[in-house]
Amino acid sequence: MQRIGVFVCWCGSNIAATVDVAKVVEAVRNEPGVCYAQDYQYMCSEAGQGLIKTAIKEHGLTGIVVCSCSPRMHEATFRKTAEAAGVNPYMVEIANIREHCSWIHKDKDEATEKAIILARAAIAKVNLNAPLQPGESAVVKRALVIGGGIAGLQSAIDIADAGYKVDIVEKSPTIGGKMAQLDKTFPTLDCAACILTPKMVEAAQHPNITLYTYSEVAEVKGFVGNFTVKIKKKARFVDETKCTGCAVCTEKCPSRKGLNEFNCGLNKRGAVYIPFAQAVPNVAVIDQTQCLHFKTGKCGICEKNCSAGAIKFDQQDEYLEEKYGAIVVATGFQITDVTKFDEFQYTKHPDVITSLELERIMNAAGPTKGTLLRMSNMEHPKDIVFIQCVGSRDNTARGKTYCSKICCMYTAKHAMLIREKYPDVNVHVFYIDVRTPGKNFDEFYRRAVEQYNVDYIKGMVGKVWENADGRLTVQASDLISNEQILLDTDMVVLAAAVEPSDGVKNIATMLTASIDTNNFLTEAHPKLRPVESPTAGVFLSGVCQGPKDIPETVSQAGAAAIKVVGLLAKDKLVTNPCTAGPDEMMCNGCSTCANVCPYGAIDYVDKEFRIPGGVEVRRVARVNGALCQGCGACTVACPSGAMDLKGFSNRQIMAEVDAICK
């Protein structure tokens, strides 16, 4: 039996206001193994930790139960306290009586009773705990950045500048991401390419950075400090080492029916193309689905005109495998599918466009060479209507409940740019609320209203349709005047919601990272660990974690980079001793545990067992302690009950259940 000390925290009024801490102390004094119990106002404080150390020495404690807040907050704190006083840190258990009791109950008696039950469960577990010793694992001094937008580039450059090797994997033929498609940026209205292009060039020329464009992460194995990643390099059908970016092949290509993805499908491109003028790498790529050579076997004009001999129609997808100590996820965003909002006529009328499409129209390298034109007839518009929150703040199944954060600002930007360059154009903005949460953002919005006379109308648009003269009619409500509005316009611009990029679920599955209900990657703690994933060694950068603007994205990218540098600077990491292990006498080698293990930590060996009359050879499970992360999936799945988890054994868990039920 252990000698257990129980320490109940008030957490100021967080716990004490709803839980009678003195009653909890009295209730647990006579629990088996408990030889000391005390409450204190702030147990995590230096004085509170000193109280625990003193009690350990004076009462010869071998186990500690702290009734306080979530173990995510202070389990490490109390383990270090116990270790400093000579108690094995894995003899410490946390009973979460803040999040599980005081924060969710209003009735003090009910909360107190539940706190006592949770304390009893923790005591029952400590009585069966055994000292555990962590091991060590080496750290691979290399980082992987998934995504080559501004977030991924900034993270990669910061890590590389610290002296570590970095690989960037980008699914597109070029790095740059969504920012490369923008014309101007708020609130300074400077050129997006002028800011981004130097970063792209810096990443491409950095001696510590390797670019894998037109590539995807195919498989991730391993653990923090030692990830093994398989990267799929898709066939460009162009030799990157030979292509000079002369663009002769793109000019000669006779198949010009492909939609230009970079210009949001507003114009056509050839089957062989370079995404945009400042693309990095400046290397062509062939669209196999559009290329006449692949469809008929009879073209090959690009190959004949390529003086560098870079066209390789026989090129195949290539798989590479590399080891990394840390992974940064910077998968970015996409705009929501606005075809779901039929009332705005997006699929039926070419003059109903998204804000990103407007960016391309206003860009000098866009489909109209920077001239604001209606896409239906290439005429200059006289009236433009912006509709805010298309898909954002929408409780219906087709929309997103959250605010996309950047829409109000980029609409103000568009309105100002249009009014400045085309004073004859009337601009109307329908909005729910104007949200400007950033430095100088509110002043920027006020400039649009006061200096550029943009007509902001607080109200919702119900419907858009084409009228008899080929223009568009917008039906909306003005919530200030409480009137219905019918407004004729030439163009309608939809401020579409921001959502995580396609494929983020696959990335999260490979990394065993968590995602929320909106498919944004979840941080380990929203306040204290905002750039860390709950999966050790995986860090978050940019909009993959939630909507944000460019300055905030760059800030988070830098924060993720410094976390990676801090990890890679270590030669060894302490491994989790709470790993699985089989009872070989019970194991029947069925492979169930190996099939559910997300870390590939389980394999099988043949072992000899003495039986009456001889020796029997049986196949049994074997756990690699360096790979095992103690998730417990194998212990649940094992049909014979042979697999168990150190620190969370079946016996310990059942003891907690019995203590709760008694």
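Excluded from the calculations below are hydrogen atoms, water molecules and symmetry mates; all remaining heavy atoms, backbone and side chain alike, are included. Quick caveat: nothing in here was measured; it's all calculated off a predicted structure. The first residue in the sequence is number 1, and the count goes up from there.
Side chains of I286 and V238 form a contact here, defined as non-hydrogen atoms less than 4.5 Å apart. Side-chain contact check for V474 versus F430: some heavy-atom pair is nearer than 4.5 Å. P530 places none of its side-chain heavy atoms less than 4.5 Å from the side chain of H525.
Aromatic rings from F386 and Y431 are positioned such that their centres are separated by 6.0 Å or more. Remark: aromatic rings of F276 and F262 are close, center separation under 6.0 Å.
Across every non-hydrogen atom of F341 and G391, the tightest pair is CZ-CA, 3.4 Å. When all heavy atoms of V427 and A415 are compared, the closest pair comes out as CG1-CB, 3.8 Å. When all heavy atoms are compared, the tightest approach of L540 to Q556 is O-NE2, 3.7 Å. Looking at every heavy atom in both residues, A326 comes nearest to L567 through CB-CD2, 3.6 Å.
A perpendicular orientation is assigned to the rings of F186 and F441, their planes being inclined by more than 60° (bins at 30° and 60°). Below 30°, between 30° and 60°, or above 60°: for Y410 and H414 the angle between ring planes is between 30° and 60°, a tilted geometry.
A salt bridge does not link K233 with D317: none of the charged nitrogens is closer than 4.0 Å to a carboxylate oxygen. A salt bridge does not link E216 to K230: none of the charged side-chain nitrogens sits closer than 4.0 Å to a carboxylate oxygen. At a threshold of 4.0 Å, the pair E321-K232 does not count as salt-bridged, since none of the basic side-chain nitrogens sits closer than that to a carboxylate oxygen. Ionic pairing of D433 and R393 is present here: one or more N-O contacts between side-chain nitrogen and carboxylate oxygen are shorter than 4.0 angstrom. Using a 4.0 Å cut-off between charged nitrogen and carboxylate oxygen, E443 and R447 do not count as a salt-bridge pair. In summary, D351 and R374 engage in a salt bridge, as defined by a charged side-chain N under 4.0 Å from a carboxylate O. Under a 4.0 Å N-O distance rule, the pair E523/R529 does not qualify as a salt bridge.
Within a 6.0 Å sphere centred on CE of M375, heavy atoms belonging to other residues, nucleotides or ligands number more than 12. Atom NZ of K184 has more than 12 neighbouring heavy atoms from other residues, nucleotides or ligands inside a 6.0 Å radius. Within a 6.0 Å radius of CZ in R398, other residues, nucleotides and ligands contribute more than 12 heavy atoms. The neighbour count for K221 NZ, taken as heavy atoms of other residues, nucleotides or ligands under 6.0 Å away, does not exceed 12.
Q334 contributes a side-chain N or O that, together with a main-chain N or O of D502, makes up a donor-acceptor pair within less than 3.5 Å. Proximity of a side-chain donor or acceptor of T197 to a complementary backbone N or O of C194 within less than 3.5 Å is not detected.
Cation-pi contact between K178 and F333: present, with separation from the ring centre below 6.0 Å and deviation from the ring axis of at most 45°.
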